[in-house]
Structure formats: structure tokens, C-alpha cells
Amino acid sequence: MKEIVIATKNEHKVIEMKKMLEPIGYQVLTLYDFLELPEIIEDKETFRGNAWTKAKTLSDYLNKDVIADDSGLEVFALNNQPGVYSARYAGEDVTYDDNNKLLLENLKGVEDRQARFVTTVCLYRLGKEPIYFEDYLNGTISREYKGSNGFGYDPIFVPNGDTRHLAEYTLEEKNIISHRGKCVQKLIKYLKNEEKVV
Ligand code: IMP
């Protein structure tokens with residue numbers, strides 16, 4: 001079995017990735033499997049840069065193949081902000097609600113509320129060039145909050161073609177259309193095809 005490390009401690013991501021990677025011959029390790037880990041500083045200006053930094057730092061340290069991802073929200077009228085700063089838009093150690101409030105404040109009086117979620121995954125394998133996968137979820141930023149599922153900007157994000165806010169979706173519904181769900185599907189498809197070739 002080939003070992004691969006998923007650069008996350010998010011229980012949900014771990015379960016999903018294991019479910020998809022184990023049937024195609026991978027033994028999935030996560031950050032919970034290591035006692036010591038290097039400090040990772042996500043200081044790049046792009047999702048790709050941050051995903052690469054995470055994957056490379058861990059791969060160099062653990063001497064293993066690594067999958068790392070980075071995600072965020074781009075609001076077109078705000079020059080694609082918060083972007084890579086999505087988690088800390090309102091500052092360090094803030095809540096999702098602080099970030100949402102600031103975003104709505106910054107969009108006061110703005111008519112164009114188009115935005116998209118972005119996920120980039122970096123597949124970083126020893127002795128190989130890194131490979132990237134990217135996907136999006138397009139929508140608009142609402143003026144009011146709705147729903148209690150999900151996390152982050154979900155209560156103020158309305159996917160295109162729907163009137164429901166993302167926080168009103170079940171996890172299963174969200175995974176089908178979400179930037180992250182679709183991006184991981186691309187990665188799995190790539191690895192499955194590679195399996196067939198080898
Ligand atoms: P991460 O790279 O997956 O940790 O995402 C960084 C930040 O982007 C999160 O802390 C959220 O603020 C935002 N974000 C990413 N994906 C989503 C999502 O699916 N819904 C809402 N917010 C998200």
C-alpha cells in the first residue's frame with residue numbers, strides 16, 4: 001500500500017479522503033499520526049502558493065507524499081478580497097461572524113455582489129513535480145444571514161442558480177457543488193486514472 005499524508009486535522013476532511021483513497025490502494029495518514037510537526041507559515045499571496053508551502057514543508061519533514069489544500073472566498077467588487085486572508089479577514093483570532101460582519105460592512109451600498117469560493121489542492125510526491133487541482137463555487141454575497149449548517153461565509157453566500165444560502169445546505173448537498181468537494185473529486189479521478197496506467 002502506498003502511504004499518503006493529508007495535511008489536515010479537520011475530522012470531516014479526514015473521513016472523506018480516507019473513504020475515497022483507501023479503495024484505490026492508499027494508506028491515508030493525517031497530522032494526528034505524527035507527534036512532532038514543523039511550523040507551517042501560510043504567507044503566500046495565492047492559494048496555490050499556500051497549498052504548495054504546506055505540502056512541501058510537511059513532505060520535506062516527514063519524507064512522505066503529501067496532499068495539502070488551501071481555500072478562500074474572492075469577492076469581485078473588492079478586488080478578490082478576502083482571498084488568501086479569508087480566515088483572518090477581520091484580524092488574527094477572530095470568529096467566522098467577525099469576518100462576515102466586516103464583509104457585509106465593506107459591501108454596504110455595493111450592487112455587484114458576485115463572489116466565488118476557491119480551493120486549490122497540491123499533490124506533492126517525493127521525486128515528482130507537484131500537481132495542482134483547482135475548483136470554484138460561484139455565487140453572490142447576500143445582505144442577510146440564513147442557515148446554521150456549514151462554516152465560515154456559508155450563511156451569507158448564495159450559490160448561483162439557487163435562492164438558498166450555503167448554510168442551508170446539508171453537508172451532502174454542499175459537497176456535491178462545493179469548490180472543495182469538486183476539487184477533491186478531480187484529485188481522486190487523477191489518482192484513479194494513474195492507477196490504471198501503472
Ligand atoms: P481553509 O483553507 O479550508 O482552511 O479555508 C480558509 C478560510 O476560507 C476558512 O476559514 C473560511 O473563512 C473560508 N472558507 C473556505 N471554504 C469555505 C466554505 O466552504 N464555506 C465558507 N467559508 C469557507
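It should be emphasised that the depicted structure is a prediction, and the values quoted were computed from it without experimental measurement. Whatever order the structure lists them in is the order used to number ligands and atoms, beginning at 1.
Within 4.0 Å of ligand 1, protein heavy atoms belong to Lys13, Asp70, Ser71, Gly72, Ser86, Ala87, Tyr96, Phe117, Phe151, Gly152, Tyr153, Asp154, Lys174, His179, Arg180, listed by chain and number.
Under the 4.5 Å side-chain heavy-atom criterion for grouping Ile, Leu, Val, Met, Phe, Trp and Tyr, Tyr145 is connected to Tyr89 within one hydrophobic cluster.
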Using a 3.5 Å cut-off and no angle test, enumerate the donor-acceptor pairs between side-chain atoms of residues 71-81 and protein atoms at least two apart in sequence or in another chain.
from: Ser71; atom 1: OG; to: Thr119; atom 2: OG1; distance (Å): 2.9
from: Ser71; atom 1: OG; to: Arg180; atom 2: NH1; distance (Å): 3.2
from: Glu74; atom 1: OE1; to: Arg116; atom 2: NE; distance (Å): 2.9
from: Glu74; atom 1: OE1; to: Arg116; atom 2: NH2; distance (Å): 3.1

May I have the list of side-chain donor-acceptor pairs in residues 31-41 shorter than 3.5 Å, sequence neighbours left out?
from: Tyr32; atom 1: OH; to: Lys9; atom 2: O; distance (Å): 2.8
from: Asp33; atom 1: OD2; to: Thr30; atom 2: N; distance (Å): 2.8
from: Glu36; atom 1: OE1; to: Tyr61; atom 2: OH; distance (Å): 3.4

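Taking the six-membered ring where the residue is Trp, the centroids of Tyr136 and Phe117 are separated by 6.0 Å or more.
Annotation: salt bridge (charged side-chain N to carboxylate O under 4.0 Å, His left out) contacts involving residues 46-57, sequence neighbours excluded, comprise Glu42-Lys54, Lys54-Asp70, Lys56-Asp60.
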Candidate pair Leu137 and Leu166, rule side chain to side chain contact (heavy atoms under 4.5 Å, CB included), full reasoning: CA-CA 10 Å; Leu137 173 60; Leu166 201 49; 3.9 Å; yes
